[in-house]
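Each remark here refers to the structure printed beneath this line.
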Amino acid sequence: MSEVSICQKEYVKGMNRRKKVIHFARFFLLAAFLLLWETAARREWIDSFIFSSPGRILTTFYQMIQDGSILEHIGVTLAETLVSFGLVVLVGIAAAVLLWMFPSVSKVLEPYLVVLNSLPKSALAPLLIVWLGANVRTIILAGMSVAIFGTIMNLYTCFTEVSPEKEKLIYTLGGKKKETLFKVVLPGTIPNMLSIMKVNIGLCLVGVIIGEFIGARKGLGYLIIYGSQVLHLAGFLQCRISWKGKREPVDFRGEMWYAFFSIGRVFVLEKEVFYV
């Protein structure tokens, strides 16, 4: 027993050391990047007007928090993203349940869902603005349009892949579709639902930003597009916000705060000229 206990302790210590090394490596990479960026800007290896520097970003962000010019817009974008995300979750689960309960309907609608999901959402946003007007509801709908169709298809696929043996057991015991849904299908797909939601929170944010680009008077998207139009830094903005389609979210709180911090940082870079 003592030998097993010692092995266990060594294993735990090894795992803890590995976690510490990983955390240190992450912090070191970030610090090295920021230091290199600051040094390059100060020594004029890069154009500090275009690329800015960490020091100037922090100073400007602090000034913008003090005068309240960014907090209101962050709140607007956050509210629109959360509303669109909540609606995507509710509508997506309800639609997927209906398709699972009526297989014939799912076979009829499947090609239409595939086509709608493949539409370029950035091209759909201007049509929504024209059809529904430039208002908060349209922006929320633009946020939903990015994620809703993929959510329905993914959830329906998860529902159909639940263990058939468990479903047969429910039917053998006299259960119906309702019992199968609540006893087997929904509980068995909770991990998949959470994974889909983690992706959707980022997609809804992208959709909201796209809607704010086109028809908003408040929000981070409005501030970003306004800064790019005034300062002619569209290429810079594009490379700064392209991270959204490339990162894999971890959790809801981390996803939201990382997203808003990154987009807020882009706007800080754009607005720096007004404080210099």
Side-chain angles (χ1 to χ4, degrees), residues 78-122 124-125 128 137-211 244-260:
L78 177 62
E80 292 169 346
T81 302
L82 292 178
V83 172
S84 63
F85 171 70
L87 292 175
V88 165
V89 172
L90 295 177
V91 175
I93 293 177
V97 168
L98 290 176
L99 292 178
W100 177 81
M101 294 186 69
F102 302 100
S104 299
V105 176
S106 67
K107 292 181 180 179
V108 172
L109 296 181
E110 183 177 2
Y112 296 101
L113 290 174
V114 172
V115 171
L116 290 173
N117 187 50
S118 64
L119 287 176
K121 306 306 185 297
S122 58
L124 184 61
L128 296 176
R137 289 176 296 181
T138 305
I139 295 173
I140 292 175
L141 188 60
M144 293 179 60
S145 66
V146 177
I148 185 63
F149 302 112
T151 299
I152 295 173
M153 294 175 58
N154 290 331
L155 286 177
Y156 172 69
T157 302
C158 294
F159 289 171
T160 57
E161 292 178 351
V162 173
S163 174
E165 288 78 11
K166 294 181 180 179
E167 295 185 14
K168 290 179 181 178
L169 178 61
I170 294 292
Y171 292 136
T172 302
L173 297 175
K176 303 296 182 182
K177 277 269 187 179
K178 179 180 177 181
E179 287 74 16
T180 305
L181 176 65
F182 289 102
K183 299 294 184 180
V184 176
V185 176
L186 291 180
T189 54
I190 287 179
N192 303 94
M193 290 184 186
L194 294 177
S195 299
I196 294 172
M197 290 177 188
K198 291 177 183 178
V199 177
N200 286 345
I201 191 68
L203 294 178
C204 290
L205 174 60
V206 172
V208 166
I209 294 296
I210 292 174
K244 191 56 196 173
K246 298 179 181 179
R247 74 179 288 273
E248 190 172 318
V250 178
D251 58 16
F252 292 115
R253 289 181 298 177
E255 176 71 17
M256 290 301 299
W257 284 113
Y258 184 90
F260 282 109

(message) Please give me the minimum heavy-atom distance between Ala147 and Thr151, naming the atom from each residue.
(response) O-OG1, 2.7 Å
(message) Looking at every non-hydrogen atom in both residues, tell me the closest pair between Val108 and Pro111 and how far apart they are.
(response) O-CD, 3.5 Å
Find the distance between [atom1] ([X]) and [atom2] ([Y]) and round it off to the nearest 0.5 Å.
X: Phe159; Y: Leu181; atom1: CZ; atom2: CG; result: 7.0 Å
X: Leu82; Y: Leu87; atom1: CG; atom2: CG; result: 11.0 Å
X: Thr81; Y: Leu203; atom1: OG1; atom2: CG; result: 11.5 Å
X: Leu99; Y: Met153; atom1: CG; atom2: CE; result: 10.5 Å
X: Ile196; Y: Ile152; atom1: CD1; atom2: CD1; result: 11.0 Å
X: Met144; Y: Leu128; atom1: CE; atom2: CG; result: 11.0 Å

(message) Between Asn154 (side chain only) and Gly150 (backbone N and O only), is there a donor and an acceptor less than 3.5 Å apart?
(response) yes
(request) Output yes when a side-chain donor or acceptor of Glu161 lies under 3.5 Å from a complementary backbone atom of Cys158, and no otherwise. (result) no
Within the 4.5 Å heavy-atom criterion, are [X] and [Y] side-chain neighbours or not?
X: Ile140; Y: Val208; result: no
X: Val105; Y: Leu98; result: no
X: Cys204; Y: Val88; result: yes
X: Ser106; Y: Trp100; result: no
X: Met197; Y: Phe85; result: yes
X: Asn117; Y: Val114; result: no

(request) Take Thr189 and Leu155 through the side-chain contact (heavy atoms from CB on, under 4.5 Å) test and state the conclusion after the steps. (result) CA-CA 8 Å; Thr189 54; Leu155 286 177; over 6 Å; no
(message) One pair to check against side-chain contact (heavy atoms from CB on, under 4.5 Å): Leu186 and Met193. What are the steps and the verdict?
(response) CA-CA 9 Å; Leu186 291 180; Met193 290 184 186; 3.5 Å; yes
